[in-house]
Amino acid sequence: MPHDSEMMRRALRLAERGLYTTDPNPRVGCVLVRDGVIVGEGWHAVAGGPHAEIVALQQAGEQARGATAYVTLEPCCHHGKTPPCSEALIAAGVARVIAAMEDPNPLVAGQGLAQLRAAGIATASGLLAAQAEALNPGFVQRMRLGRPYIRCKLAMSLDGRTAMASGESQWITGPAAREDVHRLRARSSAIMSGIGTVLKDDPSLTVRLEGEVAVKPPLRIVLDPHLSTPEQARFLQQPGESLIVTACTEEAVQQRLRQAGAEVLCLPNGHDAVDLVALMRVLAERGINEILMETGAILSGALLHAGIIDELIVYMAPKLMGDKARGLFHTPGLDLLADAVALEIQDIRAVGDDWRITAKIKEVAA
């Protein structure tokens with residue numbers, strides 16, 4: 001029904017307000033409607049705080065009885081840091097619950113809606129499900145596949161170059177694009193880079209947004225197979241946590257970086273490199289939903305061909321850097337057109353003087 005869609009869109013807009021703050025929980029919004037009037041609404045603001053349904057019920061009070069609840073994710077039915085939302089909805093006497101999508105969390109997975117139906121509440125799911133899932137790609141993928149959602153951020157010239165032959169690369173894009181990148185960082189559970197980028201650029205790997213809501217610093221992850229990270233590296237001096245992932249088993253070398261404030265995780269793959277598949281599994285177990293990769297062409301190429309990248313976000317500047325400049329990915333073995341990586345363009349939009357292209361990975365040739 002048109003009214004149902006309108007209310008669910010409102011719930012989705014509410015859920016977006018938790019874009020930077022709910023991690024590792026999903027972003028969820030809820031609207032309560034009685035006799036065609038909104039009597040309560042809310043969103044999940046921070047992990048450990050009240051869920052969207054609870055905020056909406058508190059606002060509605062007695063007017064929740066007989067109301068319809070529009071919620072962007074199936075109400076939870078298990079005890080975590082907060083009590084089950086399904087029980088709160090039953091106790092409040094709502095008449096109907098419409099969820100945009102079922103919760104992929106195995107602890108819920110349809111059981112929340114089943115509990116509501118058993119209490120005599122009418123339920124439905126699937127309304128604007130694609131939009132609800134797009135709001136929480138990392139949480140959904142972590143629950144379904146046991147790994148985080150990986151975005152690879154790249155900046156290039158119009159002719160597809162990321163750095164001059166000398167290595168000079170700052171700045172290809174303009175201030176608006178760089179600010180947009182910080183919004184991507186802010187919504188991410190972690191920012192991942194490689195030792196090559198650390199040694200070349202000494203990045204902070206932090207979020208810097210003027211006038212925005214306070215953001216918990218994302219976990220900083222550096223892939224450093226041989227533990228070449230200097231103790232004075234800038235990312236080690238920032239607030240929040242840093243994780244260095246290595247293939248080096250030498251305890252003395254690991255201890256040097258632990259004393260500098262980093263956690264060191266050894267995940268060798270048997271070929272003098274980091275086991276990337278094992279790393280994704282470990283990060284999922286830690287509740288990491290979305291990772292923003294900011295790496296050079298070699299590591300980006302390795303992650304692409306390992307099938308780990310889910311989405312590319314490419315900022316394209318109106319510049320030509322010439323055929324001697326460096327490319328986006330180091331991709332040895334791409335000799336034939338049949339070997340090309342297939343992409344599905346999701347969005348193209350202007351960001352200041354630059355263009356941002358968002359693409360999903362469709363297929364990577366074996």
Side-chain angles (χ1 to χ4, degrees), residues 15-27 43-49 134-139 141-142 148-155 169-195 197-198 200-224 229 232-245 260-263 279 283-284 286-296 299-300 303 309-315 347 349 351-352 354 356 358:
E16 288 176 356
R17 299 188 186 186
L19 190 66
Y20 301 153
T21 57
T22 66
D23 204 69
N25 292 350
R27 299 130 185 161
W43 67 94
H44 183 44
V46 62
L135 193 58
N136 291 295
F139 176 80
Q141 180 154 295
R142 180 165 66 88
Y149 187 87
I150 312 296
R151 292 185 180 91
C152 181
K153 184 274 295 182
L154 300 155
S169 62
Q170 293 183 333
W171 296 96
I172 295 174
T173 55
R178 295 198 292 274
E179 182 178 345
D180 198 58
V181 170
H182 280 282
R183 284 192 285 271
L184 286 176
R185 287 183 176 188
R187 69 169 291 166
S188 301
S189 311
I191 304 167
M192 179 186 292
S193 194
I195 184 59
T197 300
V198 169
K200 174 179 171 291
D201 297 331
D202 194 20
S204 298
L205 302 178
T206 56
V207 176
R208 298 182 294 281
L209 288 175
E210 295 295 332
E212 296 279 0
V213 66
V215 176
K216 178 184 176 182
L219 174 67
R220 296 179 292 273
I221 304 172
V222 171
L223 304 186
D224 183 1
T229 300
Q232 299 79 23
R234 190 179 298 172
F235 78 91
L236 292 174
Q237 318 304 317
Q238 309 305 317
E241 300 178 356
S242 298
L243 172 65
I244 298 176
V245 188
E263 177 187 356
L279 174 59
L283 293 175
R286 294 188 179 194
I288 299 296
N289 289 330
E290 300 176 23
I291 298 176
L292 182 64
M293 281 177 42
E294 300 191 29
T295 65
L299 181 54
S300 294
L303 290 165
I309 297 175
D310 297 293
E311 180 178 293
L312 299 179
I313 297 184
V314 182
Y315 295 89
D347 183 69
R349 68 182 61 198
V351 181
D354 306 305
R356 186 185 73 196
T358 302

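Everything numeric here is computed off the predicted structure, so don't read it as measured data.
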| message | Could you tell me if the side chain of Y20 sits less than 4.5 Å from the side chain of R183, heavy atoms only? | response | yes
| request: For residues L205 and S193, determine if any side-chain heavy atom of one lies less than 4.5 Å from a side-chain heavy atom of the other. | output: yes
| query | Are any non-hydrogen side-chain atoms of F139 and T22 less than 4.5 angstrom apart? | reply | no
| message | Using only atom types and a distance under 3.5 Å, with no angle test, would you say the side chain of D224 pairs donor to acceptor with the backbone of I244? | response | no
| Check: D202 side chain, A233 main-chain N or O, donor-acceptor pair, under 3.5 Å | no
| Are the side chain of S242 and the backbone N or O of A262 linked by a donor-acceptor pair below 3.5 Å? | no
| Nearest-0.5 Å distance, CG of residue L299 to CG of residue L223 | 5.5 Å
| remark: Between R27 and N136 the two heavy atoms that sit nearest each other are N-OD1, 2.7 Å
| said: If only side-chain N and O atoms count, and only distance matters, is there a donor-acceptor pair under 3.5 Å linking D354 with T173? | reply: no
| query | So do I288 and I221 actually touch side chain to side chain, heavy atoms under 4.5 Å? | reply | no
| message | Using side chain to side chain contact (heavy atoms under 4.5 Å, CB included), reason through Y315 and D180 one step at a time and then give a plain yes or no. | response | CA-CA 10 Å; Y315 295 89; D180 198 58; 2.6 Å; yes
| Counting only heavy atoms not in Q237, do more than 12 fall under 6.0 Å of its CD? | yes
| field | Side-chain heavy atoms of P26 within contact of H44, under 4.5 Å | value | no
| message | Between T295 and T197, do the side chains contain a donor N or O and an acceptor N or O under 3.5 Å apart? | response | no
| said: Whether the side chain of N25 engages the backbone of A47 through a donor-acceptor N/O pair (distance < 3.5 Å, no angle test) should be reported. | reply: no
| Among R178, R220, K153, which residue meets the salt bridge (charged side-chain N to carboxylate O under 4.0 Å, His left out) test with E294? | K153
| message | For a quick test of reading the model, state the closest non-hydrogen atom pair linking A15 to L135 and the distance between them. | response | CB-CD2, 3.3 Å
| remark: The reported gap from CZ in R187 to CG in L292 (rounded to nearest 0.5 angstrom) is 10.0 Å
| Exam field: side chain S188 to backbone I191, donor-acceptor pair closer than 3.5 Å | no
| query | Does N289 have any side-chain hydrogen bond (donor to acceptor under 3.5 Å, both in side chains) partners at least two apart in sequence or in another chain, and if so, which? | reply | D23, R142
| note | Closest heavy-atom pair, Q238 versus R234, reported as atoms and distance to 0.1 Å, is NE2-O, 2.9 Å
| field | Between CG on residue L219 and CD on residue E263, distance to nearest 0.5 Å | value | 8.0 Å
| M192 vs L279 side-chain heavy atoms within contact, under 4.5 Å | yes
| In this structure, which one of P24, P137, P148, P218 forms a side-chain contact (heavy atoms from CB on, under 4.5 Å) with E290? | P137
| query | Checking side chain to side chain contact (heavy atoms under 4.5 Å, CB included) for the pair C152/L303: CA distance, chi angles, key distance, verdict? | reply | CA-CA 9 Å; C152 181; L303 290 165; over 6 Å; no
| task | May I ask you to test the D347-R356 pair for a side-chain heavy-atom distance under 4.5 Å? | result | yes
| query | Taking the side chain as C-beta and beyond, is there a heavy-atom pair between R286 and L243 under 4.5 Å? | reply | yes
